[in-house]
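Worksheet: the structure to be examined is printed underneath.
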Amino acid sequence: MSELPRQVLVLDDEPLILLDLEFAVEDAGCVPLTALEAEEALEIVAAEAISAAILDVSLGQGRTCEPVARALAALGVPYVLHTGDLDRMDEAVRRLGGVLVPKPTPAAVVVSRALQTLAEPQRQAG
C-alpha cells in the first residue's frame with residue numbers, strides 16, 4: 001500500500017501569493033490545502049490530516065494567524081511563519097514560535113523550509 005501524499009496547509013490573505021505557494025506545494029509532491037482567512041484555515045485543521053503548514057502572520061484588518069498556529073501546535077503539526085511585516089509583527093512572531101521565513105522568499109524555498117520542519121524536533125510555543 002502506498003503512503004498518502006503529505007497535505008500542507010497554506011494560509012495567506014493575498015490570493016497571488018497563495019496561488020504561488022499552492023503550485024510550489026504541488027511541485028514538491030504534496031497536496032495543498034489553501035485558505036485566505038484564519039476561520040477557513042481552522043476548518044481545514046479540524047477536518048484534515050495536515051503534515052505541515054505555511055502561515056502568513058498578518059491577515060489584514062488587524063487579524064493574525066495566531067489561532068491557527070495555536071491549533072496546529074496543539075496537534076503537533078509544524079509550521080513556518082511567512083511574513084513581510086516583520087517590524088510590525090515582531091512580537092506576534094516571537095509569541096508564536098515556529099520557523100520564520102520572511103517575504104519575499106521564492107515559493108519553492110518557503111515550501112522546502114516547511115517540509116524541512118517535519119524532520120526537526122518541535123520548537124513551537126505550546
Please report the interatomic distance [atom1]([X]) to [atom2]([Y]), rounded to the nearest 0.5 Å.
{"X": "E40", "Y": "L9", "atom1": "CD", "atom2": "CG", "value": "9.5 Å"}
{"X": "E43", "Y": "E37", "atom1": "CD", "atom2": "CD", "value": "9.0 Å"}
{"X": "I54", "Y": "E22", "atom1": "CD1", "atom2": "CD", "value": "11.0 Å"}
{"X": "D27", "Y": "S112", "atom1": "CG", "atom2": "OG", "value": "12.5 Å"}
{"X": "L11", "Y": "L59", "atom1": "CG", "atom2": "CG", "value": "5.0 Å"}

In one Ile/Leu/Val/Met/Phe/Trp/Tyr side-chain cluster, 4.5 Å: [X], [Y]:
{"X": "V99", "Y": "L115", "result": "yes"}
{"X": "L18", "Y": "F23", "result": "no"}
{"X": "V31", "Y": "L19", "result": "no"}

Do [X] and [Y] have side chains that approach each other closer than 4.5 Å (heavy atoms only, starting at C-beta)?
{"X": "L118", "Y": "P78", "value": "yes"}
{"X": "V111", "Y": "V8", "value": "no"}
{"X": "L55", "Y": "L96", "value": "no"}

**Q.** With sequence neighbours excluded, residues passing side-chain contact (heavy atoms from CB on, under 4.5 Å) with E48
**A.** Q7, L33, I44, I50
Q) Can you name the residues that form a side-chain contact (heavy atoms from CB on, under 4.5 Å) with I17, not counting sequence neighbours? A) D12, E14, L21, H82, K103
[X] to [Y] - nearest heavy-atom pair and separation:
{"X": "A114", "Y": "A52", "result": "O-CB, 3.8 Å"}
{"X": "C30", "Y": "P32", "result": "O-CD, 3.6 Å"}
{"X": "S58", "Y": "D56", "result": "O-OD2, 3.1 Å"}
{"X": "A71", "Y": "V45", "result": "CB-CG1, 4.2 Å"}
{"X": "A41", "Y": "A35", "result": "N-CB, 3.6 Å"}
{"X": "A53", "Y": "L72", "result": "CB-CD1, 3.5 Å"}

Q: Go through the steps to decide whether V25 and T34 satisfy the test side-chain contact (heavy atoms from CB on, under 4.5 Å), and finish with yes or no.
A: CA-CA 10 Å; V25 167; T34 60; over 6 Å; no
